[in-house]
Asker: 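This is the structure I have questions about; it appears just below.
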2 protein chains.
Amino acid sequence: MMSHPEPVAAPKRGRPGLSRHDVLEAAVAAFIEHGYDATSMGMLSSRLGLSKAAIYHHFPAKVELLRAALDEALGGLEGVLRQVDALGGSPEQRLAFVISGAVHVLIERLPYVTLLLRVRGNSEVERDALTRRRAFDRAVTALVIEARNAGSVRSDIDPSVVTRLIFGMVNSIVEWYRPEGPESADQLASDVLAVALEGLSAS
Amino acid sequence: MMSHPEPVAAPKRGRPGLSRHDVLEAAVAAFIEHGYDATSMGMLSSRLGLSKAAIYHHFPAKVELLRAALDEALGGLEGVLRQVDALGGSPEQRLAFVISGAVHVLIERLPYVTLLLRVRGNSEVERDALTRRRAFDRAVTALVIEARNAGSVRSDIDPSVVTRLIFGMVNSIVEWYRPEGPESADQLASDVLAVALEGLSAS
DNA sequence: GTCTATAAAGAGATAGAC
DNA sequence: GTCTATCTCTTTATAGAC
């Protein structure tokens with residue numbers, strides 16, 4: 001969560017003196033509000049209090065703002081997979097860790113993951129992101145299959161359908177979760193895990 | 001599912017002779033592929049084999065294509081609520097009917113619902129659609145609360161969180177379901193209901 | 001690091017012929 | 001019902017001054 005030690009655009013004194021990270025944050029917020037395509041560099045510059053040309057000092061093109069945002073989201077999700085590999089445990093434990101970990105990443109990097117989940121593959125940058133996202137999905141499906149073979153996941157439904165439904169539920173959190181709201185990340189992760197594992201029926 | 005008896009644009013002979021419905025279908029497909037904003041009237045006209053101007057004969061503006069599509073989706077979902085009201089039954093039965101009914105509408109009107117779920121409220125048309133969609137969500141939440149008071153839905157999690165998670169799962173189907181794939185609508189609705197009610201854990 | 005000015009392309013929409 | 005041609009506005013991006 002610390003700012004990257006980028007060699008460019010340190011917060012010097014001068015005029016506004018915006019950092020690369022400031023520009024990215026504002027851009028991502030605008031992309032979420034209006035969609036990437038519908039967000040013009042003009043809107044961005046208004047929101048930042050900068051001229052359009054000044055933005056090109058921080059990012060060489062509009063699409064590089066998108067690339068940086070998607071990388072932030074994918075890095076977080078891939079980190080969950082690295083952690084679960086390092087931790088070990090039963091397939092059931094590892095699956096629970098991945099679901100809970102994904103919820104936490106989703107909340108910690110909410111705007112970036114929100115953007116990632118809206119990507120449809122209409123440019124090179126988007127297709128690259130989709131490729132990495134699909135690799136994540138495949139890893140989770142493999143984990144579900146493992147847990148199913150170990151007898152902890154129901155075997156009456158196709159594993160990839162189960163995976164898609166559960167992660168559809170997880171991912172839908174970006175549609176409504178607000179950090180300033182009543183639910184903490186831990187509380188929500190626990191709720192998601194409960195509904196994913198046991199369903200909504202009364203015990 | 002029959003074509004509407006619109007008084008306009010019957011499939012006469014002439015040149016291509018496209019109907020209003022043909023144009024809408026092609027537009028919705030393009031909106032899904034590239035996003036509404038990123039789809040230009042030029043792209044639309046190429047895909048249809050028409051000039052841009054010809055499209056304006058069928059729809060007076062680009063946004064009217066979106067309005068018609070969203071109305072198709074919302075009409076289907078609102079129909080499920082009307083049916084459940086007419087049918088009666090226990091809260092548990094009615095909740096199951098709404099979940100299963102939503103899955104069926106989602107599949108029958110896949111492109112239209114896909115578009116609806118991507119709307120963010122950036123124009124009058126989108127805000128109107130969001131208003132109707134929120135009314136649907138509220139009706140479902142009320143049903144979850146009823147079922148919870150009747151003892152059939154778990155009471156350890158906030159009802160609106162439960163509703164959002166379950167419908168997040170349902171709605172995520174548009175991200176991957178393809179009619180030509182192996183799962184029938186009935187099969188998928190039954191899978192969704194099973195995971196929603198009982199979770200992914202082995203019985 | 002930020003500005004003004006501008007280039008070049010593409011957008012939504014309309015006019016009027018056939 | 002479809003066409004060509006065109007209007008006007010906005011877009012991404014660059015040039016060059018400070």
Side-chain angles (χ1 to χ4, degrees), chain A residues 3-28 30-31 33-69 122-126, chain B residues 3-28 30-31 33-69 122-126:
Chain A
S3 66
H4 299 227
E6 223 71 68
V8 103
K12 294 216 184 73
R13 62 213 142 283
R15 244 59 78 59
L18 264 50
S19 72
R20 182 182 156 95
H21 187 254
D22 294 333
V23 174
L24 179 58
E25 252 190 2
V28 169
F31 292 165
E33 236 174 271
H34 305 283
Y36 172 74
D37 286 291
T39 303
S40 70
M41 297 300 269
M43 293 177 42
L44 232 52
S45 71
S46 308
R47 292 170 70 127
L48 282 162
L50 283 181
S51 68
K52 281 193 295 178
I55 298 175
Y56 285 91
H57 175 76
H58 297 281
F59 288 86
K62 187 187 173 187
V63 77
E64 295 306 321
L65 287 159
L66 182 61
R67 188 198 306 275
N122 293 307
S123 67
E124 201 62 45
V125 165
E126 294 195 1
Chain B
S3 65
H4 300 227
E6 223 70 68
V8 100
K12 296 217 183 70
R13 62 213 142 283
R15 246 57 81 58
L18 264 49
S19 72
R20 182 181 155 96
H21 187 254
D22 295 332
V23 174
L24 179 58
E25 252 190 1
V28 169
F31 292 165
E33 236 174 273
H34 304 283
Y36 172 74
D37 286 292
T39 304
S40 69
M41 297 301 270
M43 294 176 43
L44 231 53
S45 71
S46 307
R47 292 170 69 126
L48 282 162
L50 284 182
S51 67
K52 281 194 294 178
I55 299 176
Y56 284 91
H57 176 76
H58 297 283
F59 288 87
K62 187 188 173 187
V63 77
E64 295 305 321
L65 286 159
L66 183 60
R67 188 198 305 277
N122 293 306
S123 66
E124 201 63 47
V125 165
E126 294 195 1

Asker: Expressed as a whole number of angstroms, how long is the span from B/Met41:CE to D/dC7:P?
Answerer: 20 Å
Asker: For the pair made of CG in B/Asp37 and P in D/dT11, what is the distance, rounded to whole Å?
Answerer: 11 Å
Asker: From CE of A/Met43 over to P of D/dC9, roughly how many Å is that when rounded to an integer?
Answerer: 20 Å
Asker: Salt-bridged, A/Glu64 to A/Arg20, with N to O below 4.0 Å?
Answerer: no
Asker: A/His34 has an atom NE2; how far is it from atom C1' of D/dT11, in whole Å?
Answerer: 16 Å
Asker: Let's see if you can work this out: which of D/dA13, C/dA13, C/dT2 has an atom nearest to the side-chain heavy atoms of A/Tyr56?
Answerer: D/dA13
Asker: Looking for any heavy atom pair under 4.0 Å, which part of the strands does B/Ser45 touch: base, sugar-phosphate only, or nothing?
Answerer: nothing
Asker: Output the rounded distance in Å from NZ (B/Lys62) to P (C/dT14).
Answerer: 15 Å
Asker: For D/dT2, does OP1 or OP2 lie under 4.0 Å from any side-chain N or O of B/His57?
Answerer: no
Asker: Which of these nucleotides, D/dC3, C/dC3, D/dT12, is closest to any side-chain atom of A/Lys52?
Answerer: D/dT12
Asker: Quick one: do A/Glu126 and A/Arg67 make a salt bridge, cutoff under 4.0 Å?
Answerer: no
Asker: For B/Ser51 and A/Ala53, take the nucleotide of DNA chain D holding the closest heavy atom to each; which residue's nucleotide lies nearer the 5' end?
Answerer: B/Ser51
Asker: Mind checking the CG-OH spacing from B/Leu66 to B/Tyr36? Nearest 0.5 Å is all I need.
Answerer: 5.5 Å
Asker: Atom CZ of A/Phe59 to atom P of C/dG1: distance rounded to whole Å?
Answerer: 13 Å
Asker: Reckon A/Ser40 touches a base, only the sugar-phosphate, or nothing at all at heavy-atom distances under 4.0 Å?
Answerer: sugar-phosphate
Asker: What do the steps show when you test A/Asp37 against A/Asn122 for side-chain contact (heavy atoms from CB on, under 4.5 Å), and what is the final call?
Answerer: CA-CA 11 Å; A/Asp37 286 291; A/Asn122 293 307; over 6 Å; no
